[in-house]
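In what follows, every chain begins at residue 1, and chains take the letters A, B, ... in the order their sequences are listed.
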Amino acid sequence: MRDAFARGFCQAARQHQNLFLVVADISPAASLDDFRREFPTRLVDVGISEQTMIGVAAGLALRGYRPFTYTIANFTIYRPFEQVRVDLCYQNLPVVLVGIGGGMSYSALGGTHHTIEDIAIMGCLPNMTILAPCDPLEVEAAVMAAAVQNGPVYLRVGKSGEPPITGQAEPFVFGKLRRISEGEDVAIVGYGPILKLGVDAAQRWKQQTGKHAGVYSAHTMKPFDQAGARALLQRYPKIITVEEHVAAGGLGSLIKQAAQECGSNARITTMHLRDEFIHLYGSQDDLRAAHGITVDSIYQELTK
Amino acid sequence: MTPEKITQAEARCRQYRRRILEVSQRLSALHVAPAFSCLELIDCCYRELMQREGPTPDNFIMSKGHGAMALYAVLEGLGIMSRFDMDNVCQPGSRIGGHPDYGLPGVEISSGSLGHGLPIAVGMARADLELGQKRTIYVLMGDGEMMEGSVWESLLLAPSLGIKDIVIIVDHNKSIARGSIPINHPNLLPLADKIAAFGWEAAEAEGHSAAAICQAIESRSRTRPFALVAHTTKGRGVSYMENKPIWAYRSPNRDEFAQAMAELAESKGAS
């Protein structure tokens with residue numbers, strides 16, 4: 001996904017002359033070399049100074065640039081939270097906060113490097129937009145969408161090696177739930193690379209029972225597609241949400257809220273991380289499994 | 001500065017103080033004393049130092065947001081902020097409050113939380129390098145604000161980026177909400193030496209003398225970003241307010257108001 005970001009960003013920079021990259025002592029993916037080569041002066045490394053990274057981005061935006069700040073997600077939004085709130089949201093400036101390694105992508109680096117509350121925290125900030133693409137293809141589309149928003153954007157990206165799952169999906173539309181595969185009876189809705197587990201579970205269900213589960217990417221977590229959610233709730237008797245995030249302020253809450261508001265009787269199962277920090281190591285899938293989210297557990301929910 | 005200009009600046013700042021006191025009578029609480037310590041600094045920027053016309057006007061960043069009343073008074077004096085807005089500061093329905101908001105006439109950034117102005121100024125200055133635009137960004141900061149970590153991050157960064165056109169003015173009134181910097185936080189001092197150690201040019205001056213402020217800033221080398229540590233007095237101009245922490249956030253009562261107005265009317269040389 002990092003490479004996809006780099007490709008998307010470079011493409012966007014060719015289209016929009018006002019893009020700027022602000023990094024905080026992180027060496028962006030090698031493929032950002034293209035951007036460096038083509039726009040060598042539109043990159044600034046502020047060093048290990050995340051508060052200043054956001055302030056500098058705000059200053060660039062006040063001069064008409066659209067800066068993308070780039071570092072590991074926890075350093076992008078948690079460390080300089082007040083700068084995000086005041087400099088960007090309160091002043092409503094068009095700065096894109098790129099959070100690399102969203103969720104538990106940096107599984108073995110421990111809890112300091114996880115972002116499992118970011119959607120909730122960014123989601124409650126007025127003026128903030130949240131994009132959380134599920135695969136490298138969707139990252140590129142999300143970067144293009146982020147580059148034309150009028151206010152601040154949090155772009156939650158994974159790390160590397162995420163497989164493509166949206167090759168056959170309907171086109172990406174900012175602010176709209178995106179159908180990855182058509183289904184009946186059950187819809188799986190999620191955001192970010194963890195949605196791959198839902199795709200795999202749906203495939204197994206199809207192979208073993210011949211039934212189809214619809215899979216949807218909620219890539220725009222704010223503004224959330226209320227109309228799209230209502231349509232799913234009316235169409236499917238059962239919905240499973242999957243997210244690499246704690247329950248509070250996540251997708252499960254949004255879907256349940258939408259269900260309550262439209263009087264839906266759909267059965268809703270929310271699969272999310274527990275309200276706990278993670279003190280164990282291993283792969284990203286190991287950590288997801290420790291919180292009960294695996295292809296098997298999603299499959300079990302499909303069969304219930 | 002000519003003697004005539006100095007006299008005019010003194011008269012203006014006396015009038016600003018009276019105006020802020022007038023506004024304070026409509027409110028139970030207002031940052032009066034923090035405004036009184038930086039009036040000459042702001043007035044000097046706007047009247048003597050800043051290039052305010054043309055395609056690339058200079059910027060004034062009020063990082064010390066709790067000095068807002070001083071900024072508003074100067075902006076009103078220039079006709080940038082309306083008399084109506086100034087009369088209604090903090091009143092129900094007013095768009096002007098106790099801290100400056102981005103988008104209001106003459107207000108370049110939202111401040112009130114400390115340590116935000118300098119990083120933003122560094123971003124603006126970096127943009128100017130990219131755009132090939134020449135202008136100066138003035139940043140007014142409180143001395144207590146210099147305790148914020150983001151300030152030192154940005155002090156460290158600006159010279160490394162080749163930025164030269166930021167002028168920081170530190171309102172060094174030595175007073176913070178709970179006490180005195182020399183007594184409670186002595187290791188913040190000396191400020192000018194610390195800033196210079198971060199690659200800036202730094203100087204000190206008497207912060208209530210327009211001539212001294214102008215002279216110090218105009219004689220900078222322009223080869224590095226510049227900081228002026230301006231020695232000031234919190235509550236300057238009103239005897240009972242000077243260096244009294246309680247006046248950081250209190251409006252005078254009727255008797256106190258009358259005394260303050262009398263002192264400011266009588267003052268001749270002092271502002």
Less than 3.5 Å apart, any donor N or O on the side chain of [X] or [Y] sitting next to an acceptor on the other?
X        : Y        : answer
B:Thr232 : B:Asn173 : no
B:Gln133 : B:Thr56  : no
B:Glu108 : B:Tyr102 : no

Tell me whether A:Arg7 is salt-bridged to A:Glu140, with the criterion being a basic N under 4.0 Å from an acidic carboxylate O. yes
Salt bridge or not between B:Asp165 and B:Arg135? Use side-chain N to carboxylate O under 4.0 Å. no
Please state whether the side chain, the backbone, both or neither of B:Leu118 comes within less than 4.5 Å of a heavy atom of chain A. neither
Side chain, backbone, both or neither: which part of B:Ile109 has an atom under 4.5 Å from a heavy atom of chain A? both
Ring geometry between B:Phe60 and B:Tyr46 (parallel below 30°, tilted from 30 to 60°, perpendicular above 60°): tilted
Give the ring-plane orientation class for A:Phe9 versus A:Phe35, where under 30° counts as parallel, over 60° as perpendicular and anything between as tilted. tilted
Close contacts, [range] versus chain B, judged by heavy atoms under 4.5 Å:
range                       : answer
residues 114-129 of chain A : none
residues 48-66 of chain A   : A:Ser49, A:Glu50, A:Gln51, A:Thr52, A:Gly55, A:Val56, A:Ala58, A:Gly59, A:Leu60, A:Leu62, A:Arg63, A:Tyr65
residues 76-93 of chain A   : A:Glu82, A:Gln83, A:Val86, A:Asp87, A:Tyr90, A:Gln91, A:Leu93

Validation row, ring centre B:Phe226 to ring centre B:Trp200 under 6.0 Å: no
Could you check, using the six-membered ring where one of them is a Trp, whether A:Phe68 and A:Phe20 have ring centers closer than 6.0 angstrom? no
Tell me the closest heavy-atom pair linking [X] and [Y], and the distance in Å.
X        : Y        : answer
B:Leu75  : B:Pro105 : CD1-O, 3.6 Å
B:Leu155 : B:Met146 : CD1-CE, 4.1 Å
B:Ala68  : B:Pro100 : CB-CD, 3.8 Å

Could you list the residues that satisfy salt bridge (charged side-chain N to carboxylate O under 4.0 Å, His left out) with B:Lys164, not counting sequence neighbours? none
Could you have a look at B:Leu161, B:Asp128, B:Leu129, B:Val122 and say which one has the most heavy-atom pairs with chain A under 4.5 angstrom? B:Asp128
Is A:Lys159 close enough and on-axis enough to A:Tyr106, meaning under 6.0 Å and within 45°, for cation-pi? yes
